[in-house]
Each structure stands twice: as C-alpha cells, then as structure tokens.
Amino acid sequence: MKNKRKKDLHPAGRPKTILGQLARLPEKLFDGKFRQQYAALCFRFNENDQLLVLVITSRDSGRWVIPKGWPMKKKSPCEAAAVEAYQEAGVRGIVRKKPIGRYTYLKWLDDGDVAPCIVDVFQLEATKISQDFKERDQRDYAWVTPDEATRRVREIELKSLLADFRPRGEKYADRSRSKD
C-alpha cells in the first residue's frame, strides 16, 4: 500500500476503482460466497411523456446507484426493493414481482471486508414521491433519462440494465422510450 498514490484511494483507504478493488482482493471473487441484495429501478414519465429513472448517491462514497439493500425478514424480494426505494429516496409505487435483471458489484462492509454481491433489480413505477424519508439527509437523488443514468453509474452491468430499460407491462406497450 505504500506505493499507492493518495488520489487513487477512497477516503477510507480502499481503492476507488473496481479494478483496484479486484487487484487487492481477487480471492473474494472465487470463494463462491456472493451475497444477495435487492434493488428498485424506479421510473416515471415527465410532462412531455419522457421516461425518467431515479439515481441516488451512496452514503459512503457518493457514487450514483439505484436504491438497494439486503433481504428482509417476512418480505418478498420485490417488497424489500420497494422498502429500499422508500427509505433511500422517498419513492412509493407499483413494483413488479419478477426481476427485470441483475448486476454484480463489490460491497465494502463496515468491518473493512468486501463482499461480492448479486443484486436482483425490480421495476418500480413511482406513484408517490415524498420529501420526508429516512435517508433524505444522507443522499442526493436525481430523476434523469436512462442515457444520463448510464453515464452516472459506475457498475458496468447496471449501466447495461439502465441503457436497455423499457418499462414492462401491458400499460407501457405503446409508450415510446422518450419524446426528445
């Protein structure tokens, strides 16, 4: 670690880039101990019928992500994703029961260890957006086009999900992605 330049490290002393993280901990990817998380890909349409998706900042690094968290007792995966959307961004809505995709990333734990995670992503149509929610003072959020969201997030597989996102369900069959 002595040869590492300070600008390459996160304030907590860990590498900023995913490749830097992998270089320090390659064994974590091959021990078969991936942890499960659930995320909500929240969306809405603006007054011009343009599709917008929600991105929020993570509490520790400030990178752009979507609301996600660990499994919850007595909650199905889609319900857990919906709870995270409300706690992290104040968004309530209609969540699909089946995931629309998944992505992987490395989660730094409070004890300094790292856990590879698989995140199942559930579509959530925003029907109510509250300004009073649990983590409102800990995160920034933005409603952006899927293209802008892909520029903001870091995880490659999440970028792909956002770039290809089209709301699923009968009610969206005739809606175009955007009216630019």
Practice item. If a pair satisfies side chain to side chain donor-acceptor pair (under 3.5 Å) and one of its residues is in residues 66-76, list it, with sequence neighbours excluded. Key: Ser76-Glu79
Review point. Could you state the interatomic distance from CD (Gln138) to CZ (Arg59), rounded to the nearest 0.5 Å?
Key: 5.0 Å
Exercise for review: Supply the atom-to-atom distance Gln37 CD to Lys107 NZ, rounded to the nearest 0.5 angstrom.
Suggested key: 6.0 Å
Exercise for review: State the CG-CG distance between Leu161 and Leu41, to the nearest 0.5 angstrom.
Suggested key: 7.0 Å
**Study point:** Distance-minimising heavy-atom pair for Val53 and Ala149
**Key:** CG2-CB, 3.6 Å
Check your understanding: Within a radius of less than 6.0 Å around CZ of Arg152, do more than 12 heavy atoms belonging to other residues, nucleotides or ligands occur?
Key -> yes
Practice item. Looking only at non-hydrogen atoms, find the nearest pair between Thr150 and Lys159 and report the distance. Key: O-NZ, 2.5 Å
Revision key, fill the gap. When rounded to the nearest 0.5 Å, the distance separating CD of Glu84 from CD1 of Ile66 is 11.0 Å
Exercise for review: Please determine which of Arg92, Arg44, Lys171 meets the salt bridge (Lys or Arg N to Asp or Glu O under 4.0 Å) test together with Glu125.
Suggested key: Lys171
Check your understanding: What distance separates Cys42 SG from Glu88 CD, expressed to the nearest 0.5 Å?
Key -> 9.5 Å
Review point. What's in the same ILVMFWY side-chain cluster as Tyr141, cut-off under 4.5 Å, chained through other members?
Key: Tyr38, Leu52, Leu54, Ile56, Val65, Val91, Val95, Phe122, Leu124, Ile129, Phe133, Trp143
**Study point:** Minimum-distance pair of heavy atoms, taken over all atoms of Phe34 and Thr104
**Key:** CE2-CG2, 4.4 Å
Practice item. State, to 0.1 Å, how close Ala81 and Ala39 come at their nearest heavy-atom pair, and which atoms those are. Key: CB-O, 3.4 Å
Point to revise | From Arg168 atom CZ to Arg166 atom CZ, the distance as rounded to the nearest 0.5 Å | key: 11.0 Å
Revision key, fill the gap. Tightest non-hydrogen contact, residues Ser58 and Gly62, listed as OG-N, 3.1 Å
**Study point:** N/O donor-acceptor pair under 3.5 Å between Asn46 side chain and Asn48 backbone
**Key:** yes
Check your understanding: Counting only N and O atoms by type, is there a donor-acceptor contact under 3.5 Å from the side chain of Lys97 to the main-chain atoms of Cys78?
Key -> no
Practice item. Look only at the side chain of Arg139 and the backbone of Thr57, and say whether a donor-acceptor pair between them is shorter than 3.5 Å. Key: yes
**Study point:** Nearest non-hydrogen partners of Asp132 and Tyr86, listed with the distance
**Key:** O-OH, 3.5 Å
Review point. Which of parallel (below 30°), tilted (30 to 60°) and perpendicular (above 60°) describes Tyr105 and Tyr103?
Key: tilted
**Study point:** Ile118 backbone acceptor or donor facing Gln36 side chain under 3.5 Å
**Key:** yes
